[in-house]
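One structure is given here, and the rest of the page talks about it.
Start at 1 and go down the list; that is how both ligands and their atoms are numbered. Note that this is a predicted model, so its numbers are computed, not measured. By convention here, the first residue in the shown sequence is residue 1.
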Amino acid sequence: MKILVIGSGGREHALAWRLAQSEKVQKVWVAPGNAGTAREPGVENFPASAPATLAEFARREKIGLTVVGPEAPLAEGVVDLFRSRGLRIFGPTRACARLESSKEFSKDFMQRHGIPTAAYRAFSVAAPAHEYLRTRSAPVVVKADGLAAGKGVVVAGSLEEAHRAVDRMLVQASLGAAGSRVVIEDFLEGEEASFIVMCDGREVLPLATSQDHKRLLDGDAGPNTGGMGAYSPAPVVTPEVHARVMREVILPAVNGMAEAGTPYTGFLYAGLMIHEGAPRVLEFNCRLGDPETQPILMRLKSDLYELLDCAVEGRLAGAQAQWDRRVALAVVLAARGYPDAPRGGDEITGLPEPGEDLHVFHAGSARRDGRLVTSGGRVLSVTALGDSVRLAQRRAYEAIEAIGFQGMQFRRDIGHQAVNARSR
Ligand code: AMP
Ligand code: GLY
């Protein structure tokens with residue numbers, strides 16, 4: 001079986017690496033991929049991103065299954081296109097991807113199905129948005145309705161800041177069409193966790209839990225990013241919380257999409273805020289998380305291809321995934337200037353050999369004139385397994401000591417919540 005993975009980040013590198021280990025998989029193509037996927041055994045890059053080009057490639061190469069990493073091609077309808085040509089693909093259709101591509105759709109859907117989330121209203125005109133804000137208290141959250149590559153959410157510490165965010169999005173159109181409609185929602189307190197499931201339209205298979213670190217700097221300070229590190233499992237998701245998330249969030253979402261005539265297939269990611277054991281949804285994503293995927297797949301012991309095959313064939317009922325009991329932890333190494341204006345072209349040195357408990361997944365890396373150089377914001381995710389959070393941290397940070405490129409930025413406290421949870 002030949003597989004195609006669409007995307008070019010650390011998430012897609014991890015997917016390709018795991019899939020290449022399956023006995024049923026002959027070869028994994030990644031489109032467009034990066035310098036890490038180019039060198040991964042059993043993996044090769046195909047330099048294209050346009051859905052129509054990829055569908056043509058899948059037909060010509062006799063690709064047996066395509067897996068989609070990022071949200072943009074899903075929102076463009078890559079799954080609908082592949083299916084219309086009789087090509088097997090795992091991911092949500094364009095209609096299902098609206099759970100991520102429109103915050104308003106997602107919030108209305110949650111409200112209709114009684115899925116716990118923050119109170120909200122949506123606006124496309126500034127005056128009523130300002131009026132609504134006067135009925136709220138700070139902190140309050142202003143979100144662009146559309147996909148804004150992680151820049152669309154303002155957690156405003158004061159009402160003045162929230163008013164300014166509304167004007168930036170609705171009046172100055174700073175985010176273009178993505179911000180031409182905004183959702184204003186109440187601030188939720190608690191601890192965040194990522195809860196990701198595989199879904200075949202009716203049945204779900206929960207993946208191991210994880211937690212992401214969205215802020216750039218240690219101690220959860222600085223600007224929001226795509227994610228500076230992650231680890232799995234997330235201790236905040238106790239067995240009780242897990243059961244509540246399945247009952248109150250995941251099953252109503254999957255049943256709701258099926259009832260609407262748009263059964264959800266693909267990975268479904270609920271970004272949760274957990275407060276005193278009660279989960280509430282911050283957002284749905286219609287894909288795996290990045291960097292959460294790296295630690296999750298480091299811990300997956302089952303054959304990933306077999307699980308995906310069950311999901312695509314509607315046979316997830318009864319499927320089970322086995323997980324390594326160890327903790328996996330990924331630290332993102334980002335380029336100088338990330339997240340605003342990452343600089344490319346800096347030479348990367350000192351990459352360690354992969355081992356049973358260590359793998360460096362690439363994202364913004366490229367090979368130029370025989371040199372490995374940075375070519376994006378998040379460059380590498382150094383992912384390690386350990387018998388405890390501290391040991392996984394130690395293994396990852398030891399490997400990082402040898403790695404270097406000009407202006408390399410990373411957090412030194414990935415996993416701090418879990419360390420504290422365990423010593424509490
Ligand atoms: P989102 O893309 O909607 O997940 O938002 C990005 C980040 O903003 C989240 O990971 C949270 O840290 C924060 N955030 C979003 N919505 C809220 C909320 N209602 N209350 C508190 N924090 C939030
Ligand atoms: N790491 C957060 C995300 O993938 O959306």
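- In this structure, Arg11 falls outside the shell of residues with a heavy atom less than 4.0 angstrom from ligand 2.
- Residue Glu189 places every heavy atom at 4.0 Å or more from ligand 1.
- The closest donor-acceptor contact from the side chain of Thr383 to the backbone of Leu329 lies at 3.5 Å or more, if one exists at all.
- Heavy atoms of Ala230 stay at 4.0 angstrom or farther from ligand 2.
- At the shortest separation from atom 7 (C) of ligand 1 among protein heavy atoms lies Asn224 ND2, 4.1 Å.
- Inspection of the Ser194 and Tyr269 side chains reveals an N or O donor paired with an N or O acceptor under 3.5 Å.
- Remark: the Lys214 side chain and the Thr225 side chain contain no N/O donor-acceptor pair separated by less than 3.5 Å.
- Between the side chains of Arg336 and Gln409, no donor-acceptor pair is found at a separation under 3.5 Å.
- A donor-acceptor pair shorter than 3.5 Å cannot be found between the side chains of Asn255 and His113.
- Contact atoms of ligand 1 toward Lys103: 1 (P), 2 (O), 3 (O) (distance under 4.0 Å to a heavy atom of the residue).
- Considering backbone and side-chain N/O of Met273, none are found under 3.5 Å from N/O of ligand 1.
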For side chain to side chain donor-acceptor pair (under 3.5 Å), just list the numbers for Arg299 and Ser232, CA-CA rounded to whole Å, side-chain angles, deciding distance to a tenth of an Å, and then say yes or no. CA-CA 8 Å; Arg299 293 185 58 220; Ser232 170; 2.8 Å; yes
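- Checked by atom type, the side-chain pair His416/Asp218 shows no donor-acceptor distance below 3.5 Å.
- With Phe105 as the aromatic partner, Arg98 meets the cation-pi criteria of under 6.0 angstrom to the ring centre and within 45 degrees of the ring axis.
- Looking only at protein heavy atoms, the nearest one to atom 2 (C) of ligand 2 is Asp212 OD2, 3.2 Å.
- Interface of Glu292 with ligand 2, defined as ligand atoms under 4.0 Å from a residue heavy atom, comprises 1 (N), 2 (C), 4 (O).
- Residue contacts with ligand 1, taken as heavy atom pairs separated by less than 4.0 Å, do not involve Asp212 at all.
- Between Gln111 and Tyr120, the side chains place a donor N or O and an acceptor N or O closer than 3.5 Å (distance only, hydrogens not considered).
- Of all protein heavy atoms, the one closest to atom 2 (O) of ligand 1 is Glu283 OE1, 3.1 Å.
- With hydrogens and angles left out, the side-chain atoms of Gln21 and Arg18 include a donor and acceptor closer than 3.5 Å.
- Counting only heavy atoms of the protein, atom 3 (O) of ligand 1 lies nearest to Lys143 NZ, 2.9 Å.
- Using a 4.0 Å heavy-atom cutoff, Gly289 is listed among the residues neighbouring ligand 2.
- Taking every non-hydrogen atom of Glu185 and a distance limit under 4.0 Å, the qualifying atoms of ligand 1 come out as 16 (N), 17 (C), 18 (C), 19 (N).
- Between the side chains of Asp145 and Ser102, at least one donor N or O sits under 3.5 Å from an acceptor N or O.
- Proximity of Leu188 to ligand 1, defined as any heavy-atom pair under 4.0 Å, is shared by backbone and side chain alike.
- Remark: the Gln211 side chain and the Glu292 side chain contain no N/O donor-acceptor pair separated by less than 3.5 Å.
- The single protein non-hydrogen atom nearest to atom 14 (N) of ligand 1 is Val155 CG2, 4.0 Å, given as residue, atom name and distance.
- Distances below 4.0 Å separate heavy atoms of Lys214 from the following atoms of ligand 1: 10 (O).
- The distance from ligand 2 to the heavy atoms of Asn285 drops below 4.0 Å at these ligand atoms: 5 (O).
- Counted by atom type alone, Gln417 and His213 present one or more donor-acceptor pairs between their side chains at under 3.5 Å.
- The ligand atoms of ligand 2 that sit less than 4.0 angstrom from a heavy atom of Arg287 are 3 (C), 4 (O), 5 (O).
- Close contacts between ligand 1 and Val141 involve ligand atoms 16 (N), 17 (C), 18 (C), 19 (N), 20 (N) [criterion: under 4.0 Å to a heavy atom].
- Short contacts between ligand 2 and Gly226, defined as distances under 4.0 Å to a heavy atom of the residue, involve ligand atoms 1 (N), 2 (C).
- Between His13 and Phe361, the ring planes are perpendicular. Angles over 60° get that label, and only those under 30° would be called parallel.
- Closest protein heavy atom to atom 17 (C) of ligand 1: Leu282 CD2, 3.4 Å.
- Residue, atom and distance of the protein heavy atom nearest to atom 9 (C) of ligand 1 are Glu192 OE1, 3.6 Å.
- At the top of the distance list for atom 8 (O) of ligand 1, counting protein heavy atoms only, stands Val153 CG1, 3.6 Å.
- Residue contacts with ligand 2: Lys214 is placed with no nitrogen or oxygen under 3.5 Å of a nitrogen or oxygen of the ligand (distance criterion only).
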